[in-house]
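Everything below concerns the one structure shown next.
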Number of protein chains: 2
Amino acid sequence: MVVEKPLNIGALARVTGTKVETIRWYERVGLLPVPARSAGNYRTYGEPHLGRLSFIRRARDLGFSLEQIRALLDLAEDRERSCDAVDVIAREHLDEVDRKIADLQALQRELASLIGQCRHGNVAECRIIEALAPPK
Amino acid sequence: MVVEKPLNIGALARVTGTKVETIRWYERVGLLPVPARSAGNYRTYGEPHLGRLSFIRRARDLGFSLEQIRALLDLAEDRERSCDAVDVIAREHLDEVDRKIADLQALQRELASLIGQCRHGNVAECRIIEALAPPK
DNA sequence: CTTGACCCTGTAGTGGCTACAGGGTCCATG
DNA sequence: CATGGACCCTGTAGCCACTACAGGGTCAAG
């Protein structure tokens, strides 16, 4: 059997690709449980912490907010519960992502058209400045 | 000739579609020049403030940062200067928008595939939770 | 025993606002 | 002339999700 050695915060940071400060931050906001401390007052982490932090990081990579992640972690606890609530959170997030993409694409079109009009003259006749300045 | 009446902050907010607090904030960070004050210590704005604030708002709607807007406003001052620097800022911003769209689309694909796998069972066999949890 | 990598707490800063609290001003109505 | 309500003032704190110190303590190798 594998006797797993406890990790200090730097090691946990390395294996999860998280910054040390971010781990402490997750602890402060209650996403990561308060870990045990060594004799020298160092935080010591085990497998459960590693798993939980990995979960958080993956969810963050997918753009979930810490609030959503908190909800997902709570839901994940109760393994008998229906996973519809999980689905709802994920769908809400996807809707948000869809909306952001649409907004950015509108922006992209406007910017591209603005830039396309640049004649590289002087500022007085700059189309970009003109487009931003108030009418007349 | 039109004698333009000075606006107080609320009126300026209404005509530019900005919140009063936002106008004060732009003043604090030096984007809007400090306005004259009335006898009762109210800010009083004229045409130049209106123009400048409109510029800021349009640029914000296009997603430029306040830092970029500051640069654009500086460039707009010197009407003889070549507008290439303006073009550079706009292009950098467009590149940023392009990048954000690409990132969000990658997210969108991942999320959609995750959600598509939901079988609406219980959490123990939830694909979404599984996908987030660490491997085995 | 010293060095340097690591860890601790606490605080402040980021961007771009937003939201108070606790007051002052202005003007129309009674 | 008093009152009420809409407006304005300053200053501070909060939002999100960190990030970056400052000023110290701990630990292990050489």
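All values below were derived from every heavy atom in this structure, side-chain atoms included, with hydrogens, water molecules and symmetry-related copies excluded. Lettering follows sequence order; numbering is per chain, from 1.
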side-chain N/O A:Arg43 vs C:dT9 OP1/OP2, d < 4.0 Å: yes
Please list each protein N or O that sits under 3.5 Å from an N or O in nucleotides 27-30 of chain D, with the distance.
unit_1	atom_1	unit_2	atom_2	d
D:dC27	OP1	A:Gly40	N	3.3

Assigning hydrophobic clusters by single linkage (Ile, Leu, Val, Met, Phe, Trp, Tyr; side-chain heavy-atom cutoff under 4.5 Å), is B:Tyr42 placed with B:Leu32? no
For the hydrophobic clusters of this structure (ILVMFWY residues joined by side-chain heavy atoms under 4.5 Å, transitively), does one cluster hold both B:Val88 and B:Val97? no
Using the C1' atoms of five pairs at each end, what's the angle between the two axes of the helix from C:dC1-D:dG30 to C:dG30-D:dC1, to 10 degrees? 30°
Report the distance from atom [atom1] of [X] to atom [atom2] of [N], rounded to the nearest whole Å.
X: A:Leu12; N: C:dC6; atom1: CG; atom2: P; value: 15 Å
X: A:Leu53; N: D:dA17; atom1: CG; atom2: C1'; value: 14 Å
X: B:Glu27; N: D:dT10; atom1: CD; atom2: C1'; value: 12 Å
X: A:Ile23; N: D:dT19; atom1: CD1; atom2: P; value: 12 Å

Non-hydrogen side-chain atoms of A:Thr18 and A:Leu12 separated by less than 4.5 Å: no
Are more than 12 heavy atoms from other residues, nucleotides or ligands located less than 6.0 Å from atom CZ of B:Arg28? no
Are the side chain of B:Gln68 and the backbone N or O of B:Ser65 linked by a donor-acceptor pair below 3.5 Å? yes
B:Glu125 vs A:Arg79, salt bridge (charged side-chain N to carboxylate O under 4.0 Å, His left out): CA-CA, chis, key distance, verdict: CA-CA 8 Å; B:Glu125 55 202 16; A:Arg79 307 185 46 80; over 6 Å; no
Contact state string [nucleotides 11-22 of chain C, B base, S sugar-phosphate only, - no protein heavy atom under 4.0 Å]: B----BBBB---
Applying side chain to side chain contact (heavy atoms under 4.5 Å, CB included), run through A:Ile89 and A:Leu75 and close with a yes or a no. CA-CA 11 Å; A:Ile89 293 173; A:Leu75 291 171; 3.8 Å; yes
Determine, stepwise, if the pair B:Arg24 / B:Glu21 fulfils salt bridge (charged side-chain N to carboxylate O under 4.0 Å, His left out). CA-CA 5 Å; B:Arg24 284 198 283 248; B:Glu21 291 91 344; 5.1 Å; no
Thinking salt bridges, do A:Asp95 and A:Arg91 make one under a 4.0 Å N-O criterion? no
Using the salt bridge (charged side-chain N to carboxylate O under 4.0 Å, His left out) rule, take B:Arg57 and B:Asp61 through it: C-alpha gap first, then chi angles, then the decisive distance, then the call. CA-CA 6 Å; B:Arg57 291 272 84 193; B:Asp61 285 348; 5.5 Å; no
Side chains of B:Tyr45 and B:Arg52: do they bring a donor and an acceptor to under 3.5 Å? no
